[in-house]
S.K.: 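Below is one structure. I have some questions about it.
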Protein chains: 2
Amino acid sequence: MARSRDKPFAKATETVRIEDVAKLAGVAPITVSRALQNPGKVRESTRLKVAEAVKKTGYVANPFASNLRSGSSNIISFFVSDLRNPHFSNAMQGSADALEGSAYKLMMSQIGYSEEVEAEALNSVLPMRPAALVFTGLVQSTATRARLRDQNIPVMEMWDFTPDPIDMLVGFSNYEGGRMMGQHFGKCGYKHIAYVGRSQGRGAQRLQGFQEALLNTGASVERIFPMEGGRSLADGKKALGDLLEQFPDVDAVFFGTDTLAVGAIFECRTRGINLPEDLAIAGFGDLEVSGQLSTPLTTIHVASYEMGYEAGKILRNRLEGRDGEVTNATKLFPVTLMARITA
Amino acid sequence: MARSRDKPFAKATETVRIEDVAKLAGVAPITVSRALQNPGKVRESTRLKVAEAVKKTGYVANPFASNLRSGSSNIISFFVSDLRNPHFSNAMQGSADALEGSAYKLMMSQIGYSEEVEAEALNSVLPMRPAALVFTGLVQSTATRARLRDQNIPVMEMWDFTPDPIDMLVGFSNYEGGRMMGQHFGKCGYKHIAYVGRSQGRGAQRLQGFQEALLNTGASVERIFPMEGGRSLADGKKALGDLLEQFPDVDAVFFGTDTLAVGAIFECRTRGINLPEDLAIAGFGDLEVSGQLSTPLTTIHVASYEMGYEAGKILRNRLEGRDGEVTNATKLFPVTLMARITA
DNA sequence: TTGAAAGCGCTAACAA
DNA sequence: TTGTTAGCGCTTTCAA
């Protein structure tokens, strides 16, 4: 039964509904639905009739109606801590590119860096029955992990590695990155080595790999300067000053992030400290600027855009039912030592 | 009429519906709806009863059902050309922060740099009846502009300035930024001035302001090197090499973006060119790195995060009906000359 | 201030 | 392969 079009209902006359298309094509609404969603279940000639009617009317399905009825949506919810971190915005852009042209829409939710916000964000997103969830990071709270495992919804974690992902994972090993840098420092023969950066989470893993590799070469990390909040180049500059003051003997520093390391390099240049003769500096992450400096930074390369793209591709295969044999995809991206000039 | 819970319907038992809350609170479903959406239209004691029932059941409204019925959604659709441009990711983060805690969800759509993609993206978003649209840039196609003006949907444009926005606008004047830099170059007394950057769109406006201001001081832009695609530091390095080769007399360059300018600075350092004695360099945008270099870049500051935040706030006021007297808000952000070292 | 009835536009389930 | 019927969960409309 058609809604009467002469009633002054909100913009009713402008909205093309499936029924309008059906009438024009001379079929039932459900046939239009099938022709659009499952073309295989409809005779080719019917599909063409429908396609023409769709074109003529400019019909686009009302996503709320389909979602309400089918109980599932085409929304992929992206949980990000901070888009100002280029690694995360690169990853998100990568996923967006991989999903380009698909039926899926990207929704962004903030999780900051707290478990509570994470849980709240999830609560507000789940009622939308998203087609998938993407986390730029591992899901922190074990309660949330358990909850997500129960729900039957595809989950992509990124950016870290764990043997026990909720579902899919595209990540890299922070431990391995740290280890490579430790090996490199060992080979270079530095004697008074410092670490500056986070002592929690990913930072802890980088540090652990770094320390273990150094021990194997007979060296060690003499001083650790924990810095939980350092996210700016200015923080890196300041960190270098503090370091030199508190540890004048230092001959090599491993910074937990490139941002800190690059800031430190600028500070060195201001102070007339030569790299790597006077001091060796290394970072982690390989920002664009790191490789372009006149004294390019030695660091660990992390392919953020590519990881985002890969995550989007895997998700897309899974959602579009082309996963073939792969179901519980875990992809470990290799981490690369970029031994450039500074260390 | 309640759906019988014993039918093996998809996860029926897990979903709390408005009816469940209503029963528990001893009211009709519509009253629950009102208590949640229009608390003012319900007696306080009723509101409390409902609130308690909501808490007990953990009820969250199914957004598809509400949207389908009400014909409007709580989705704000963000159109971005490229999140790898830090100005845009900063702006998006700013808007996300401003909308934090509201009922609105951020959806991201790519528009690349083409009018066609822009129109397509819009087509796929409009059926979701978004609460508002945000464009990081002016909407390019005049057809699309007209179409959006017809629709009765709040539109926020950003990042540029036009006297004739579709609806709301938070932007800055590229012309004015260029003009300031032209004035500065004039004051400094440079004789052989070049511009390297886009000659279209925003770049053209920067260049125009730059040229006009220079003419007022009796100087002029001797050479223009159009570069439509340069988006990386490496492009800036290469641009500097080309510039010196094709225009050896140059004593000052204005780059259309900080990325190009910073790349050029690195190249200068490699080549032993002293800034600003041998060559003056200026950029546009004020990236984080620009101010932190050991020879900080002279540039035009653009407050991208703040603009995004402001756009989000204005939008929120409008959507939550707190716009007061302001309806067609246009906010012009000032642009600031950061006269640092390099020019 | 509260409620009953109806229906938003689509698709699952079943039937032909 | 196509169609009929019903109903997803909410909120609009209208009535009390």
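Excluded from the calculations below are hydrogen atoms, water molecules and symmetry mates; all remaining heavy atoms, backbone and side chain alike, are included. Note that the structure is predicted; figures quoted are calculated from it, not measured. Order of the sequence lines sets the chain letters (A, B, ...), proteins ahead of strands, with each chain counted from 1.
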S.K.: Side chain of B:Val27: nearest nucleotide among C:dC10, C:dG7, C:dG3?
M.R.: C:dG3
S.K.: Rounded to whole Å, please give me the gap between CE in B:Met128 and P in C:dC10.
M.R.: 13 Å
S.K.: For the pair made of CZ in B:Arg129 and P in C:dC10, what is the distance, rounded to whole Å?
M.R.: 11 Å
S.K.: Measure the distance from CG on B:Asn62 to P on C:dC10 and round it to the nearest whole Å.
M.R.: 17 Å
S.K.: For B:Arg47, which residues count as a side-chain hydrogen bond (donor to acceptor under 3.5 Å, both in side chains) partner, sequence neighbours excluded?
M.R.: B:Glu44
S.K.: In whole angstroms, how far is the P atom of D:dC10 from the CG atom of A:Leu68?
M.R.: 9 Å
S.K.: Quickly work out the A:Lys23 NZ to C:dG9 C1' distance and round it to whole Å.
M.R.: 14 Å
S.K.: Kindly write out the residues that satisfy side-chain hydrogen bond (donor to acceptor under 3.5 Å, both in side chains) with B:Ser124, not counting sequence neighbours, or none if the list is empty.
M.R.: A:Lys105
S.K.: Specify the residues of residues 28-54 of chain A, ordered by number, for which at least one heavy atom lies under 4.0 angstrom from an atom of DNA chain C.
M.R.: A:Ile30, A:Ser33, A:Gln37
S.K.: Could you check how far CZ of A:Arg69 sits from C1' of C:dC14, rounded to whole Å?
M.R.: 12 Å
S.K.: Tell me: CD1 of A:Ile18 to P of D:dG7, nearest whole Å?
M.R.: 19 Å
S.K.: Can you sort out the partners of A:Phe64 under ring pair (Phe, Tyr, Trp, His ring centres under 6.0 Å), two or more places apart, ordered by chain and number?
M.R.: none
S.K.: Run the ring pair (Phe, Tyr, Trp, His ring centres under 6.0 Å) test against A:Tyr104 and tell me which residues pass, sequence neighbours left out.
M.R.: none
S.K.: Taking all atoms of both residues into account, what is the closest heavy-atom pair of A:Ser141 and A:Glu118, and its distance?
M.R.: N-OE1, 3.4 Å
S.K.: Using ring pair (Phe, Tyr, Trp, His ring centres under 6.0 Å) as the criterion, list what pairs up with A:Phe88, not counting sequence neighbours.
M.R.: A:Trp159
S.K.: In whole angstrom, give the distance that lies between atom CZ of B:Phe64 and atom C1' of C:dG9.
M.R.: 14 Å
